[in-house]
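What follows is one structure encoded as structure tokens, with my remarks underneath.
Just so we're clear, the structure is a prediction, and the values are computed from it rather than from any experiment. Proteins come first, then strands; the chains are lettered A, B, ... in the order of their sequence lines, and each starts at number 1.
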Number of protein chains: 2
Amino acid sequence: MKLSTRARYGTRALLDLALHYKSGPVLLKDVARRQRISLSYLQHLIAPMVAEGIVGSIRGVRGGVWLAKPPEEINLGYIIGLLEGSLAPAECVDNPETCSRSGACATQDVWGEIKEAIDTVLESMTLQDLVERQKNKSHEEITYQI
Amino acid sequence: MKLSTRARYGTRALLDLALHYKSGPVLLKDVARRQRISLSYLQHLIAPMVAEGIVGSIRGVRGGVWLAKPPEEINLGYIIGLLEGSLAPAECVDNPETCSRSGACATQDVWGEIKEAIDTVLESMTLQDLVERQKNKSHEEITYQI
DNA sequence: GATTAATTGACTAATAAAGTCATGTATTAT
DNA sequence: ATAATACATGACTTTATTAGTCAATTAATC
Ligand code: FES
Ligand code: FES
């Protein structure tokens, strides 16, 4: 029951962009380096975001990518939805017909509740919240080094 | 981010046993038929439960398996833990050292919160709760057929 | 001792995820 | 123009994990 690396990397990449919000285009190569993701893989992760319009991009010299929406307007549920699809722990939560005993299956309810619980967490948090947490962390890290 | 069939089948199998609690040994073959799981697969799922002592078993004629603890004392978190291990959506939640940027990674916190949310749902529910839900469902199903 | 049913181990198949590589297209600078 | 840069796209390979099967074994009953 692990999140795909796709979702984890993608989220980290977006957080990286959020940390550079309104600073002009950043190179995907730099995001890849900072987040320790291979560039070619990252290119595939970022593509759907660009298509969706939450990431802007421009090619060529002085090109790059950037967050196209305010971080406080992007909630994590939406991001994970794009990167990974539904977080239902069983297919039958979203498509009851895929489970033979659906309709008289008590466990289905439980899987549904889990999905709801996950969604609640993710929908209550925006990229901006992550940015703030990240800034605190980085600060702590520096302070501790004294 | 799907639960393994191992965990889903295993939970259903235990619910089946819970529905037959205190009715003597039931044949694994019958559980398999009712729950539409292949017998050979189910045998592998039930083994760790027997080892753990929450399922009793006896071989040979008139043998079978049964729930060895009261359903209200078995919570789902425990079951899923046995069948699938931790429900942390990222390895670094349980083992921070597996993620290179751990310690200064804001997303790790989010994955942690998701784990907590899932565990809360599962730990608040026992097999007995499932039994009651299941009985309601079956009843509804019959009623609706009138 | 014949039959039944759980136990165990080894093995195969199927699926999906992760990652790479090569090619194409748009943009800018000279 | 054209060379250089950087995103875009598609095809492909590798890897890992899960799911599932089969066969042999052990224990209990009749
Ligand atoms: S209906 Fe899908 S697990 Fe029961
Ligand atoms: S530390 Fe594991 S996702 Fe960041």
**Residue of the set B:Thr120, B:Ile114, B:Val121 for which side chain to side chain contact (heavy atoms under 4.5 Å, CB included) holds with B:Ile118** =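 So the option named by the test is B:Ile114.
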
**Identified side chain to side chain contact (heavy atoms under 4.5 Å, CB included) partner of B:Leu14 from the options B:Leu45, B:Ile74, B:Val55** =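 Testing B:Leu14 for a side chain to side chain contact (heavy atoms under 4.5 Å, CB included) against B:Leu45, B:Ile74, B:Val55 leaves exactly one candidate, B:Val55.
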
**Toward the 5' end of DNA chain D, by each residue's nearest nucleotide, B:Val61 or B:Ser4** =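 Nearest-nucleotide comparison on DNA chain D picks B:Ser4.
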
**Prompt:** Does B:Gly63 or B:Ser38 map to a spot on DNA chain D nearer the 5' end, using the closest nucleotide for each?
**Reply:**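 Going by which nucleotide is closer to the 5' end, it is B:Ser38.
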
Which whole-number value in Å describes the distance from [X] [atom1] to [N] [atom2]?
X	N	atom1	atom2	value
B:Ile46	C:dA6	CD1	P	10 Å
B:Gln43	D:dA19	CD	C1'	15 Å
B:His44	C:dT8	NE2	C1'	7 Å
A:Ile58	C:dT28	CD1	C1'	9 Å
B:Leu39	C:dT7	CG	C1'	12 Å
A:Tyr9	C:dT20	OH	P	9 Å
B:Arg62	D:dC30	CZ	C1'	10 Å

**Prompt:** Within the distance-only criterion (no hydrogens, no angle test), does the side chain of B:Asn136 pair as donor or acceptor with the backbone N or O of B:Arg133 below 3.5 angstrom?
**Reply:**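 Between the backbone of B:Arg133 and the side chain of B:Asn136 there is no qualifying donor-acceptor contact (under 3.5 Å).
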
**Prompt:** When you measure from the side chain of A:Glu84 to the backbone N and O of A:Leu3, does any donor-acceptor pair fall under 3.5 Å?
**Reply:**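 Not confirmed, A:Glu84 side chain does not pair with A:Leu3 backbone.
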
Consider the side chain of [X], meaning its heavy atoms from C-beta on, and name the nucleotide among [options] that approaches it most closely.
X	options	answer
A:Tyr41	C:dT28, C:dA18, D:dA8	C:dA18
A:Ser57	C:dT7, D:dA8, C:dG19	D:dA8
A:Ser40	C:dT20, C:dA6, C:dG19	C:dT20

**Asked** Do B:Arg59 and D:dT26 share a donor-acceptor pair, side chain to base, under 3.5 Å?
**Response**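 Check passes, donor-acceptor contact within cut-off.
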
